[in-house]
Peer 1: 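Before we start, here is the structure in question, set down as structure tokens.
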2 protein chains.
Amino acid sequence: MAGRNLVGPEADALDLGTVFRALADENRRSVMTELAADRSDGERGCNSFDLPISKQTQTHHFRVLREAGLIDEIDYGNRKGIRLRRADVEKRFPGLLALLGAGPSAGTSPH
Amino acid sequence: MAGRNLVGPEADALDLGTVFRALADENRRSVMTELAADRSDGERGCNSFDLPISKQTQTHHFRVLREAGLIDEIDYGNRKGIRLRRADVEKRFPGLLALLGAGPSAGTSPH
DNA sequence: CTTCAGGTACGATGCAAGTCGTACCTGAAG
DNA sequence: CTTCAGGTACGACTTGCATCGTACCTGAAG
């Protein structure tokens, strides 16, 4: 299990309240939605998400996601990698990631 | 469709961020967990939930749940009824209500 | 070495939200 | 009518949190 030098909670320890609070924020949810949509689950750069906020705030948001147990952060010193903890999240809260795709009203009459 | 004199958003208008924010609170989530667990979906009294908070705060929380589109509130003047909008929630966010049952670490080694 | 971009640490700020106190409304029961 | 319990309205208080400014660290490239 390489790539978890910045660790969050174990899979069984994920708290639903913490997770919901993490996903309540627009910016964090957009990150998670992108990650959940990419089925390859590859490691992504921190700034590969187009977030309209400062660096410091991005650091804060990624920390919240990590402490909620939703992502791993891999520290390379002057660069950071992000990876979705899909297996752990799915095991603990099956179906949660699928909900992220239902963000904007999409299930209704695609014309 | 009787019993919606205090109305929330339409089923298609439910917002994921609003819903997550509503479910992030411990007290509101306990209410929703109870409602989701009762498959009869009967109308319940407001004080049938054992919430360790004042009346005013309960009023506030039920309002938040209603405005998120998760419940209906039926006003009887000096009494109020609560009913889960199960069909609407399931249609918009399928599987969300099932997640509420996974609150405390329950899916792990039931011995 | 210096330079530079990516990230973090710390503090400050502004706003949203959970909580309660006081006062008031509503309908049912005496 | 009065009384009483369930609920609401308004306001105040406090905490949490998203955001940013400044300063600093880290590793790679000149």
Side-chain angles (χ1 to χ4, degrees), chain A residues 3-8 15-35 42-83 103, chain B residues 3-9 15-35 42-83:
Chain A
R4 287 194 63 187
N5 46 15
L6 289 175
V7 287
D15 176 65
L16 193 53
T18 306
V19 168
F20 279 152
R21 213 169 300 121
L23 294 176
D25 182 83
E26 196 73 32
N27 292 312
R28 287 194 293 260
R29 201 167 61 255
S30 80
V31 168
M32 288 300 297
T33 303
E34 273 195 51
L35 288 174
E43 187 176 319
R44 292 190 53 169
C46 247
N47 49 2
S48 68
F49 308 90
D50 233 5
L51 299 177
I53 50 182
S54 66
K55 300 189 300 177
Q56 315 94 288
T57 306
Q58 294 191 30
T59 296
H60 165 67
H61 284 315
F62 286 123
R63 169 199 278 265
V64 171
L65 289 176
R66 171 172 56 85
E67 290 181 344
L70 295 171
I71 64 171
D72 280 330
E73 293 183 284
I74 302 96
D75 183 20
Y76 296 114
N78 71 340
R79 206 178 198 91
K80 202 172 58 175
I82 298 293
R83 190 184 303 139
Chain B
R4 289 195 59 187
N5 45 15
L6 289 175
V7 287
D15 175 65
L16 192 54
T18 306
V19 168
F20 279 153
R21 212 169 300 119
L23 294 177
D25 182 84
E26 195 73 30
N27 292 313
R28 289 195 293 260
R29 201 167 61 255
S30 79
V31 168
M32 288 301 296
T33 302
E34 273 196 50
L35 288 173
E43 187 177 317
R44 293 190 50 170
C46 248
N47 49 1
S48 68
F49 308 91
D50 231 6
L51 299 177
I53 48 180
S54 66
K55 300 190 300 180
Q56 313 95 288
T57 306
Q58 293 190 31
T59 297
H60 165 67
H61 284 314
F62 286 123
R63 167 197 280 264
V64 171
L65 288 176
R66 170 173 55 86
E67 289 181 345
L70 295 172
I71 65 171
D72 280 330
E73 292 183 284
I74 303 96
D75 184 19
Y76 297 114
N78 71 340
R79 206 176 198 91
K80 203 171 58 176
I82 300 294
R83 190 186 303 138

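Sequence lines set the chain letters: A, B, ... in the order given, protein chains first and strands last, and positions in each chain run from 1.
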Peer 1: Do you know which of A:His60, A:His61, A:Glu67 makes side-chain hydrogen bond (donor to acceptor under 3.5 Å, both in side chains) with A:Arg63?
Peer 2: A:Glu67
Peer 1: Please report, rounded to the nearest Å, how far the C1' atom of C:dG18 is from the CZ atom of B:Phe62.
Peer 2: 15 Å
Peer 1: What is the separation between atom CG on A:Leu51 and atom P on D:dA18, rounded to the nearest whole Å?
Peer 2: 13 Å
Peer 1: Roughly, in whole Å, what's the span from CD in A:Glu26 to P in D:dC17?
Peer 2: 18 Å
Peer 1: For DNA chain D, just give me the dot-bracket, please: Watson-Crick or G-U, both distances below 3.5 Å, ( ) intra-strand, [ ] crossing earlier pairs, | paired with another strand, . unpaired.
Peer 2: ||||||||||||||||||||||||||||||
Peer 1: Is a side-chain N or O of A:Arg29 found less than 3.5 angstrom from the main chain of A:Leu23, in a donor-acceptor match?
Peer 2: yes
Peer 1: Take B:Asn27 and B:Phe49, measure what side-chain contact (heavy atoms from CB on, under 4.5 Å) needs, and give me the verdict at the end.
Peer 2: CA-CA 10 Å; B:Asn27 292 313; B:Phe49 308 91; over 6 Å; no
Peer 1: If you find the nucleotide of DNA chain D closest to A:Ser54 and the one closest to A:Arg21, which residue's nucleotide is nearer the 5' end?
Peer 2: A:Arg21
Peer 1: For the pair made of CG in B:Leu23 and C1' in C:dA17, what is the distance, rounded to whole Å?
Peer 2: 16 Å
Peer 1: Between the protein and nucleotides 5-12 of chain D, list the N/O to N/O atom pairs that are separated by less than 3.5 angstrom.
Peer 2:
{"from": "D:dG7", "atom 1": "N7", "to": "B:Lys55", "atom 2": "NZ", "distance (Å)": "2.9"}
{"from": "D:dG7", "atom 1": "O6", "to": "B:Lys55", "atom 2": "NZ", "distance (Å)": "3.4"}
{"from": "D:dT8", "atom 1": "OP1", "to": "B:Lys80", "atom 2": "NZ", "distance (Å)": "2.8"}
{"from": "D:dT8", "atom 1": "OP2", "to": "B:Thr59", "atom 2": "OG1", "distance (Å)": "2.6"}
{"from": "D:dT8", "atom 1": "OP2", "to": "B:Lys80", "atom 2": "NZ", "distance (Å)": "3.2"}

Peer 1: Tell me the closest heavy-atom pair linking A:Phe20 and B:Ala24, and the distance in Å.
Peer 2: CB-CA, 4.0 Å
Peer 1: If you count every heavy atom of other residues, nucleotides or ligands that lies below 6.0 Å from A:Glu26 atom CD, does the total exceed 12?
Peer 2: no
Peer 1: If you compare all heavy atoms of B:Val19 against all heavy atoms of B:Leu70, which two are closest, and at what distance to 0.1 Å?
Peer 2: CG1-CD2, 4.2 Å
Peer 1: List the atom of B:Asp75, the atom of B:Lys80, and the distance in Å for their closest heavy-atom pair.
Peer 2: CA-CG, 4.4 Å
Peer 1: May I have the distance from A:Tyr76 (atom OH) to D:dA28 (atom P), rounded to whole angstrom?
Peer 2: 12 Å
Peer 1: Could you tell me the separation between the CZ atom of A:Arg29 and the C1' atom of D:dC17, rounded to a whole number of Å?
Peer 2: 16 Å
Peer 1: Does a sphere of radius 6.0 Å around CZ in B:Arg79 hold more than 12 heavy atoms from other residues, nucleotides or ligands, not counting ones at 6.0 Å or beyond?
Peer 2: no
Peer 1: Over how many whole Å does the gap from A:Glu67 atom CD to D:dG16 atom P extend?
Peer 2: 15 Å
Peer 1: Tell me whether the side-chain N/O atoms of B:Thr57 come closer than 4.0 Å to OP1 or OP2 in C:dC20.
Peer 2: yes
Peer 1: For a quick test of reading the model: is some side-chain N or O of B:His61 closer than 4.0 Å to OP1 or OP2 of C:dT19?
Peer 2: yes
Peer 1: Would you find a donor on one side and an acceptor on the other, under 3.5 Å apart, between the side chain of A:Arg66 and the backbone of A:Val7?
Peer 2: yes
